[in-house]
S.K.: 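First the structure, then my questions, so here it is.
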Amino acid sequence: MTYRAPVSEYEFMLRHVVGFDAVAATERFSDASADMVTAILTEAGKMCEEVLAPLQRPGDLNPARLENGVVRTPPGFAEGFKAIADGGWVGINGDPDYGGMGLPMTLGTAVNEMMSAACLSLQLAPLLTQGQIEALEHHASDALKERYLPKLMSGQWTGTMNLTEPQAGSDVGALTTRAEPNDDGTYAITGQKIYITWGDNDFTENVIHLVLARLPGAVAGPKGISLFLVPKFLPDAEGNPGRANDLKVVSLEHKMGIHGSPTCVMQYDGATGWLVGAEHGGMAAMFTMMNNARLGVGGEGVGVAEAACQQALDYARERKQGKSASGTIVDHADVRRMLTGMRADVFAARAIMLACAVAIDMQKATGSADWTARAALLTPIAKAFGTDIGNEVAYTGVQVHGGMGFIEETGAAQFSRDARVLPIYEGTNGIQAMDLVGRKMMDGGEAAFRLLDEIESHAESARATLPDLAEPVWQAGETLREATEWLVAQDDMTDRFAGAVPYLRAFARVLGAHYHLAAALADPGGAREKLARYYITAILPEHAGLLVQAQAGAEALFALGADDLAV
């Protein structure tokens, strides 16, 4: 596949769609000028096109493997990660005091999306490291920061997240890994963790694990969990990797996709670790990392969708079949329907992702409670919708290829296989939806209503220019407002949860229309207005049926017992 980094698309969206100018106007991010943004995106895009994209198929065909306790990564991955590290992309959002660039999350999100599109399996390594960097910046002691952050940001060392155990998946509070205090202020960590992405590699000096475990006497459930930093090699007095810690990779999972990324079963046998944050404060510390990762995983979905969309269009332009104006399938109506829908959905998912990143940047720069609430509201939508669209666009990409999409040599099937995990990890999309209608609506829907006010106000102002597009967007905002009012009035959380997934999807559909309308206003008569017209007239109407489902409540859902569902 020949991947083309969508640099100009990012520049347009930052300038005209998601309000990045407000970020650049803050004192904290005043260096993020238009020229710097272009330079960052151009350099990252070049690396993705020239270095990472050629690793996509080799990583699938030559999976990571475990040999005598050592993880061997696919050919070229070491050189690919070196390019990422040497470019400074691991620490793009990190604190400059520890070697990071200190750039806005919005730019880091854009770079990560491009890396995901080029080679998702490899991009997971810097993504997990970035999440660990943020957790340590917020919660670690100064001593841990000084020892670990510079090596993580430079890419000399990589980081992981260790939550899941065989009996403790989404219910993290059920974990049993133990942490026993040692005499020197460290802790002995004992237990097994599963699904550890990039739990080891053969191209960095050290791998640093953040591990959730229980101290002696800790209460049951999530309130009794603490977070520990556990390195593969214990640093010596100079901070260089010393003796091996008491941990190992037991096995690698055989997976449906992302074959180049080792997914490890990790065993800790009294491994030396250091407490990160307060005792029993592990969930709060880990959620700092997970919220970063959830936006990043949403971006992975957008990246896979972008790559699948590009490949499907290239194939359709070349494939001769039937009678059409061009002689190729790109001019068949149903193929054009698929391609246009793919591109419209990629735009919508990317805009939501970037808007979430802008909110995070504004919260960091201003400390505003409103921006904090906006970022919290958009995070589950960005994660769930971005990863759903990644799957749907990859699936449609296979269909555009026809029979050749089912043949592995085209690479179309790999996008679909790789994307399938994205709605599952970092909190399943069902959990994201429950979070949206539950925790994120504990303010009575105030943050949601503020966002809807903006959508409707924007549509009102667009009526003078594009009335046929502005009106359906305004009406969709009103319909979503009414559904949100119904939602927050429900005291029974089961009624909220029963319709959580269609509600989140409907919210994303309305947000997508809002951002498409902004693009149309900035490009009157151009390709972006035409794309917005398709989205608003052909795709946005989906929101109405989804909101009917969202307000159906739980009665019909639970009318049948589990035994009634059996055959």
S.K.: I'd like to know if Glu454 and Arg374 make a salt bridge, using a cut-off of under 4.0 Å between side-chain N and carboxylate O.
M.R.: yes
S.K.: Using a cut-off of 6.0 Å, state whether more than 12 heavy atoms not belonging to Asp491 lie near its atom CG.
M.R.: no
S.K.: Heavy atoms, side chains only, cut-off 4.5 Å: are Leu210 and Asn162 in contact?
M.R.: no
S.K.: Which heavy atom of Arg420 sits nearest a heavy atom of Asn391, and at what distance?
M.R.: CA-OD1, 3.2 Å
S.K.: Considering only NZ, NE, NH1 and NH2 on the basic side and carboxylate oxygens on the acidic side, decide whether Glu426 and Lys383 come within less than 4.0 Å.
M.R.: no
S.K.: Between Lys193 and Glu165, is there a side-chain N and carboxylate O pair less than 4.0 Å apart?
M.R.: yes
S.K.: Atom CG of Leu339 and atom OH of Tyr315: how far apart are they, to the nearest 0.5 Å?
M.R.: 12.0 Å
S.K.: Does Arg450, at its CZ atom, have more than 12 non-hydrogen atoms belonging to other residues, nucleotides or ligands within less than 6.0 Å?
M.R.: yes
S.K.: Counting neighbours of NZ on Lys248 that are heavy atoms of other residues, nucleotides or ligands and sit closer than 6.0 Å, is the number greater than 12?
M.R.: no
S.K.: Side chains of Tyr515 and Val17, heavy atoms from C-beta outward: is any pair under 4.5 Å?
M.R.: yes
S.K.: Let me confirm one number: the OG-CD distance from Ser121 to Gln123, rounded to the nearest 0.5 Å.
M.R.: 10.0 Å
S.K.: What pairs with Asp453 under salt bridge (charged side-chain N to carboxylate O under 4.0 Å, His left out), at least two apart in sequence or on another chain?
M.R.: Arg481
S.K.: Any ion pair linking Arg57 and Glu409 (charged N to carboxylate O, less than 4.0 Å)?
M.R.: no
S.K.: Nearest 0.5 Å please: distance from the CG atom of Asn429 over to the CZ atom of Arg505.
M.R.: 10.0 Å
S.K.: Any salt bridge linking Glu306 with Arg343? Criterion: basic side-chain nitrogen under 4.0 Å from a carboxylate oxygen.
M.R.: yes
S.K.: Side chain to side chain donor-acceptor pair (under 3.5 Å), that's the test. Do Trp198 and Ser261 meet it? Break it down for me.
M.R.: CA-CA 6 Å; Trp198 281 102; Ser261 169; 3.3 Å; yes
S.K.: Let me see the working for Leu252 and Cys264 under side-chain contact (heavy atoms from CB on, under 4.5 Å), right down to the final yes or no.
M.R.: CA-CA 5 Å; Leu252 300 185; Cys264 304; 3.5 Å; yes
S.K.: Using a cut-off of 6.0 Å, state whether more than 12 heavy atoms not belonging to Tyr425 lie near its atom OH.
M.R.: yes
S.K.: So Val265 and Ile196, do their side chains get closer than 4.5 Å, heavy atoms only?
M.R.: no
S.K.: Partners of Glu408 by side-chain hydrogen bond (donor to acceptor under 3.5 Å, both in side chains), sequence neighbours excluded?
M.R.: Arg417
S.K.: Using 4.0 Å as the upper bound for N to carboxylate O, is an ion pair formed by Lys255 and Asp418?
M.R.: no
S.K.: Flag yes if more than 12 heavy atoms outside Tyr395 fall under 6.0 Å of its OH atom; otherwise flag no.
M.R.: no
S.K.: Salt bridge check, Arg528 against Glu9: does any charged N sit closer than 4.0 Å to a carboxylate O?
M.R.: yes
S.K.: Rounded at 0.5 Å granularity, tell me how far OG1 in Thr484 sits from CG in Leu547.
M.R.: 7.5 Å
S.K.: How would you list, by chain and number, every residue that makes a side-chain hydrogen bond (donor to acceptor under 3.5 Å, both in side chains) with Gln192, sequence neighbours excluded?
M.R.: Gln267
S.K.: Quick one: pull up CD1 in Ile194 and CD in Glu253 and give me the separation to the nearest 0.5 Å.
M.R.: 7.0 Å
S.K.: Kindly check if the number of other-residue, nucleotide or ligand heavy atoms within 6.0 Å of CD (Gln399) is above 12?
M.R.: no
S.K.: Only counting residues at least two apart or in another chain, list the ones meeting side-chain hydrogen bond (donor to acceptor under 3.5 Å, both in side chains) with Asp334.
M.R.: Arg337
S.K.: Between Leu175 and Ile225, is any pair of side-chain heavy atoms under 4.5 Å apart?
M.R.: yes
S.K.: Once rounded to the nearest 0.5 Å, what's the spacing between atom CG of Asp435 and atom CD1 of Ile381?
M.R.: 10.0 Å
S.K.: Excluding sequence neighbours, so at least two apart, what forms side-chain hydrogen bond (donor to acceptor under 3.5 Å, both in side chains) with Glu279?
M.R.: none
S.K.: Is it true that a side-chain atom of His401 and a backbone atom of Val398 form a donor plus acceptor pair closer than 3.5 Å?
M.R.: no
S.K.: Is there a donor-acceptor pair closer than 3.5 Å between any side-chain N or O of His259 and the backbone N or O of Asp60?
M.R.: yes
S.K.: If the plane angle is over 60° it's perpendicular, under 30° parallel, otherwise tilted; pick one for His209 and Tyr268.
M.R.: perpendicular
S.K.: Check ring pair (Phe, Tyr, Trp, His ring centres under 6.0 Å) between Tyr535 and all other residues, then give those that pass, not counting sequence neighbours.
M.R.: His516
